[in-house]
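Input: a single structure, listed below in structure tokens.
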Amino acid sequence: MREDIKRLEERLCYQFKDMQLVIQALTHKSYKKTKNNERLEFLGDAVLDLIVGEYLYMKFPSKSEGELSKLRASLVSDKSFKNLALELNLGEYLLISAAEENNYGRNKESLLSNAFEAVTGAIYLDGGLENARKAAVALFEKVYPKIDMQTLFKDYKTLLQEITQAQFGVTPEYVLVRSSGPDHKKEFEMAVILKGKTLANASGSTKKEAEQNAAEKTLKILEG
């Protein structure tokens with residue numbers, strides 16, 4: 001495990017002083033240890049919100065509050081964090097149960113996203129905000145060399161509505177299938193309904209994100 005962490009530290013360009021912090025950040029609740037990464041995930045979520053908000057504020061001095069909010073929402077989404085986790089190969093370091101292993105847990109968006117938040121929280125506690133900022137910003141700029149609305153924010157719902165109106169003369173409905181998780185980290189599953197038929201289901205950290213993800217899946221289905 002220590003060798004694995006060394007490789008992760010090289011990718012993060014950060015060396016942990018407290019190894020137990022990073023081990024906790026990589027421990028999923030299914031692993032049945034006394035400490036898992038949920039609390040660090042909670043902290044990392046808040047830290048990343050601040051880091052990304054500050055980064056966008058400084059990078060785009062002419063953008064409005066609404067534009068900055070949309071960019072931040074895209075950058076701090078589960079999908080975005082999964083991409084950052086993949087850049088770190090974070091999945092290979094996770095401590096998960098055999099059941100999660102068999103269920104492809106190392107590739108799950110929710111597990112990878114949560115682990116990335118937890119690792120950020122661990123860096124914050126271990127080395128302070130500046131080190132957390134350096135690690136996160138370096139990753140964001142590597143994974144997203146171009147940060148703009150066209151690159152980050154694809155409005156799949158609007159595109160799907162335009163296509164279904166043109167092809168079928170109706171607009172899709174979005175129905176909440178279920179919600180789960182603690183209050184600070186809810187996950188919502190939404191379904192796309194067209195002419196009474198469910199075309200696709202998808203999850204997200206907000207209802208809007210889940211709707212976008214479901215619309216994206218539906219578009220792929222319709223494109224065949």
Side-chain angles (χ1 to χ4, degrees), residues 25 28-30 36-53 56 66-86 90-91 94 96-97 99-100 103-121 143-144 149 151-164 170-222:
H28 185 251
K29 63 182 178 182
S30 67
N36 58 48
N37 64 6
E38 287 186 329
R39 283 171 54 84
L40 284 172
E41 171 205 332
F42 165 77
L43 178 61
D45 178 55
V47 172
L48 284 162
D49 232 18
L50 172 61
I51 289 170
V52 172
L56 294 173
E67 290 173 311
L68 292 174
S69 293
K70 285 183 178 179
L71 285 172
R72 184 176 61 182
S74 294
L75 285 173
V76 298
S77 67
D78 282 351
K79 186 176 292 187
S80 171
F81 288 164
K82 178 189 177 183
N83 291 337
L84 300 179
L86 290 172
L90 208 52
L94 294 179
I96 57 177
S97 67
E100 277 292 351
N103 201 28
Y104 306 103
R106 295 187 188 278
N107 298 310
K108 278 186 182 177
E109 181 174 285
S110 58
L111 264 71
L112 289 173
S113 169
N114 293 348
F116 176 72
E117 289 176 320
V119 167
T120 302
V143 175
Y144 301 108
M149 296 304 295
T151 305
L152 293 175
F153 189 79
K154 294 186 174 74
D155 191 353
Y156 296 110
K157 282 182 66 179
T158 298
L159 182 57
L160 178 61
Q161 181 173 314
E162 291 170 354
I163 290 173
T164 56
V170 293
T171 58
E173 297 177 61
Y174 295 87
V175 176
L176 177 66
V177 177
R178 61 174 162 264
S179 63
S180 58
D183 287 341
H184 78 274
K185 194 65 179 177
K186 282 283 189 186
E187 183 167 280
F188 300 89
E189 182 179 348
M190 303 295 293
V192 178
I193 313 291
L194 193 67
K195 291 187 171 180
K197 181 182 177 182
T198 301
L199 295 185
N201 288 26
S203 300
S205 56
T206 65
K207 289 181 182 179
K208 287 184 178 179
E209 183 182 326
E211 288 172 355
Q212 286 285 349
N213 293 339
E216 181 183 6
K217 285 178 72 172
T218 304
L219 285 167
K220 289 177 181 176
I221 292 168
L222 293 178

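Residue numbers run from 1 in the order of the sequence given.
- A salt bridge does not link Lys82 with Glu109: every distance from a Lys NZ or Arg NE/NH1/NH2 to an Asp or Glu carboxylate oxygen is 4.0 Å or more.
- Residues Val177 and Asn201 approach most closely at CG2-ND2, 3.7 Å, considering heavy atoms.
- For NZ of Lys29, the number of neighbouring non-hydrogen atoms (other residues, nucleotides, ligands) closer than 6.0 Å is 12 at most.
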Checking side chain to side chain contact (heavy atoms under 4.5 Å, CB included) for the pair Asn36/Glu41: CA distance, chi angles, key distance, verdict? CA-CA 9 Å; Asn36 58 48; Glu41 171 205 332; over 6 Å; no
CA sep, side-chain torsions, deciding dist, call: Ile193, Tyr174, side chain to side chain contact (heavy atoms under 4.5 Å, CB included): CA-CA 6 Å; Ile193 313 291; Tyr174 295 87; over 6 Å; no
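- Between atom CG of residue Leu199 and atom CG of residue Leu219 there is a gap of 10.5 Å, rounded to the nearest 0.5 Å.
- When all heavy atoms are compared, the tightest approach of Ala202 to Ala210 is O-CB, 3.8 Å.
- Put simply, the side chain of Ser77 gets close to the backbone of Ser74: a donor and an acceptor are under 3.5 Å apart.
- Atom-to-atom distance recorded for Leu90:CG and Phe116:CZ is 8.5 Å, nearest 0.5 angstrom.
- Side-chain atoms of Thr218 come within 3.5 Å of backbone atoms of Ala214 as a donor-acceptor pair (strictly under, hydrogens ignored).
- With hydrogens and angles disregarded, no donor-acceptor distance shorter than 3.5 Å links the side chain of Asn103 to the backbone of Ala99.
- Between the side chain of Gln212 and the backbone N or O of Tyr156, at least one donor-acceptor pair lies under 3.5 Å.
- Distance check, rounded to the nearest 0.5 Å: OG1 of Thr164 to NZ of Lys195 gives 10.0 Å.
- How far CG of Leu111 is from CG of Asp78: 11.0 Å, rounded to the nearest 0.5 Å.
- Between Lys79 and Glu209, none of the side-chain N atoms (NZ, or NE/NH1/NH2) sits under 4.0 Å from a carboxylate O, so this pair counts as no salt bridge.
- Distance alone, capped at 3.5 Å, places no donor-acceptor pair between the Ser203 side chain and the Glu189 backbone.
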Pair Phe81-Asn114, side chain to side chain contact (heavy atoms under 4.5 Å, CB included): steps then yes or no: CA-CA 8 Å; Phe81 288 164; Asn114 293 348; over 6 Å; no
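- Inter-residue side-chain proximity for Val143 and Leu86 is flagged as unmet; no heavy-atom pair is nearer than 4.5 Å.
- Counting heavy atoms of neighbouring residues, nucleotides and ligands inside a 6.0 Å radius, atom NZ of Lys207 does not exceed 12 of them.
- Expressed to the nearest 0.5 Å, how far NE2 of His28 lies from CD1 of Ile96 amounts to 8.0 Å.
- Heavy-atom contacts from other residues, nucleotides or ligands closer than 6.0 Å to CZ of Phe42 number 12 or fewer.
- The heavy-atom pair separating Leu43 from Gly121 by the smallest distance is CD2-O, 3.9 Å.
- Environment of NZ in Lys208: sparse, with no more than 12 heavy atoms of neighbouring residues, nucleotides or ligands closer than 6.0 Å.
- To the nearest 0.5 Å, the span separating CD on Glu216 from CD1 on Ile221 amounts to 11.0 Å.
- Closest approach of Pro172 to Gln161, counting heavy atoms only: CD-CA, 4.1 Å.
- Glu117 is not listed as a side-chain neighbour of Asn37, based on a closest heavy-atom distance of 4.5 Å or more.
- Taking all atoms of both residues into account, the shortest heavy-atom contact from Thr120 to Val47 is CG2-CG1, 4.1 Å.
- Smallest separation of non-hydrogen atoms from Val192 and Ala215: CG2-N, 4.0 Å.
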